[in-house]
Amino acid sequence: MKRIVVLISGQGSNLDAIVRASEAEDWPGRVVAVISNRADAGGLQRARAHGIATEVLDHKAFADRAAFDAALAGVIDAHSPDLVVLAGFMRILTPEFVARYEGRMLNVHPSLLPAFTGLHTHRRAIEQGCKVAGATVHFVCAELDHGPVVAQAVVPVLAGDDETTLAKRVLAAEHVLYPRAVGWFVKGELRLQDGRVTHLGGEPQGWFA
Ligand code: NHR
Ligand code: GAR
């Protein structure tokens, strides 16, 4: 069984989607721990409801990013993960931390990368007049939102959309996208080579949600 540790900061709806898929599809992988940098993250309750161990590590209790990341690595490694999953985790990670989990840490980002790295992706897509938006699952590398792309889902931007309505549509797409990508990883179906990710069975890695 592959051991998955999930990092969250918020409501944890992607966490929930991943846990449900892992059980329903009987993956050779399970979420063994959920770690939040915020004690009030709703995802902690969801994790407990599934009987999953939870930990809180408040970044504000540390002098700097390096100190927080070192402590975070300690908490993660205590669970011996094969895969670390960022699911709405809102702290930028240091290059040292990222190197430790190279090739075994995934993130979901709410845009079609390489467009709109960073924050406020939905607002920026609407401001730019984009007609499609979406979400990307990528391996995490030191440069923010620049890691090798595993999968992408596209949704329309509709006339009259605001940040909230677009975010909702993208999030629904993430709930299909992220479990699928994590499932591929735990089944050993992904190959990462020369900064590109291919699905060994030839499954489509991009689609319209
Ligand atoms: N770290 C590295 N090195 N590389 C990535 O690709 C990362 C990462 C850490 C998090 C998620 C990411 C996203 O999907 C992620 C990818 C937080 C921020 C941010 O600016 C940006 C991108 C992402 C996550 N965080 C502020 C900070 O100072 C805090 C914002 C807040 O607390 O609300 O860390 O979008
Ligand atoms: C998701 O839309 C995710 O893509 C985004 O936050 C939401 C988390 O939802 N991530 C980021 O913006 C990272 N900077 P969730 O907590 O319900 O999974």
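For reference, positions follow the sequence shown, starting with 1. Both counts, for ligands and for their atoms, begin at 1 and track the order of listing.
Protein heavy atom in closest approach to atom 10 (C) of ligand 1: Arg91 O, 3.5 Å. Looking only at protein heavy atoms, the nearest one to atom 19 (C) of ligand 1 is Ile92 CG1, 3.6 Å. Nearest to atom 8 (C) of ligand 1 among the protein's heavy atoms is Leu144 CD1, 3.7 Å.
The heavy atom nearest to atom 6 (O) of ligand 2, out of those in Ala173, Ala135, Gly88, Ala87, is found in Gly88. Scanning Ser111, Gly118, Pro110 for the heavy atom closest to atom 5 (C) of ligand 2 points to Pro110. Checking Arg65, Met90, Arg38, His59 against atom 30 (C) of ligand 1, the nearest heavy atom belongs to Met90. Nearest to atom 4 (O) of ligand 2 by heavy-atom distance, out of His120, Arg91, Glu174, is Glu174. The nearest non-hydrogen atom to atom 11 (C) of ligand 2, considering only Arg46, His109, Met90, comes from Met90.
In this structure, Ile8 has no heavy atom closer than 4.0 Å to ligand 2.
The proximity of Leu93 to ligand 1, defined as any non-hydrogen pair under 4.0 Å, involves the side chain as well as the backbone. If you look at Val98 next to ligand 1, the close heavy atoms, those under 4.0 Å, all belong to the side chain. Of the heavy atoms in Asn14, both backbone and side-chain atoms come closer than 4.0 Å to ligand 2. Counting heavy atoms closer than 4.0 Å to ligand 1, residue Phe97 contributes nothing at all.
Under a 4.0 Å criterion applied to the non-hydrogen atoms of Asp145, ligand 1 contributes the atoms 5 (C), 6 (O), 12 (C), 13 (C), 14 (O), 16 (C), 22 (C), 35 (O). Near Phe89, with a cut-off below 4.0 Å to any heavy atom, the atoms of ligand 1 are 11 (C), 24 (C). Atoms of ligand 1 lying under 4.0 Å from at least one heavy atom of Val108, given by number and element, are 14 (O). Taking a cut-off of under 4.0 Å to the non-hydrogen atoms of His138, the atoms of ligand 1 that pass are 6 (O). Contact atoms of ligand 1 toward Cys141: 2 (C), 3 (N), 4 (N), 5 (C) (distance under 4.0 Å to a heavy atom of the residue). Within the listing of ligand 1, atoms 11 (C), 12 (C), 13 (C), 14 (O), 15 (C), 16 (C) sit less than 4.0 angstrom from a heavy atom of Asn107. For ligand 1, the atoms closer than 4.0 angstrom to any heavy atom of His109 are 13 (C), 14 (O), 35 (O).
For ligand 1, the polar-atom distance check against Val140 finds no nitrogen or oxygen pair separated by under 3.5 Å. The shortest N/O to N/O separation between Leu86 and ligand 1 does not fall below 3.5 Å. For a threshold of 3.5 Å applied to N or O pairs, the pair formed by His146 and ligand 1 contains no separation below that value. By the 3.5 Å distance cut-off applied to N or O atoms, Pro110 is not counted among the residues near ligand 1. Of the N or O atoms in Gly12, one or more lie within a sub-3.5 Å distance of an N or O in ligand 2. Where the criterion is an N or O separation shorter than 3.5 Å, residue side chain and backbone included, Ala142 meets it with respect to ligand 1.
Within a 6.0 Å radius of CD in Glu189, other residues, nucleotides and ligands contribute more than 12 heavy atoms.
By the 4.5 Å heavy-atom criterion applied to side chains, Gln11 and Leu171 are counted as neighbours.
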Show me the donor-acceptor pairs, under 3.5 Å and distance only, between side chains in residues 129-137 and residues at least two apart or in other chains.
unit_1, atom_1, unit_2, atom_2, d
Lys131, NZ, Gly129, O, 3.0
Thr136, OG1, Ser111, O, 2.7
Thr136, OG1, Leu113, N, 3.1
Thr136, OG1, Gln152, NE2, 2.9

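A donor-acceptor contact shorter than 3.5 Å links the side chain of Asp69 to the backbone of Thr94.
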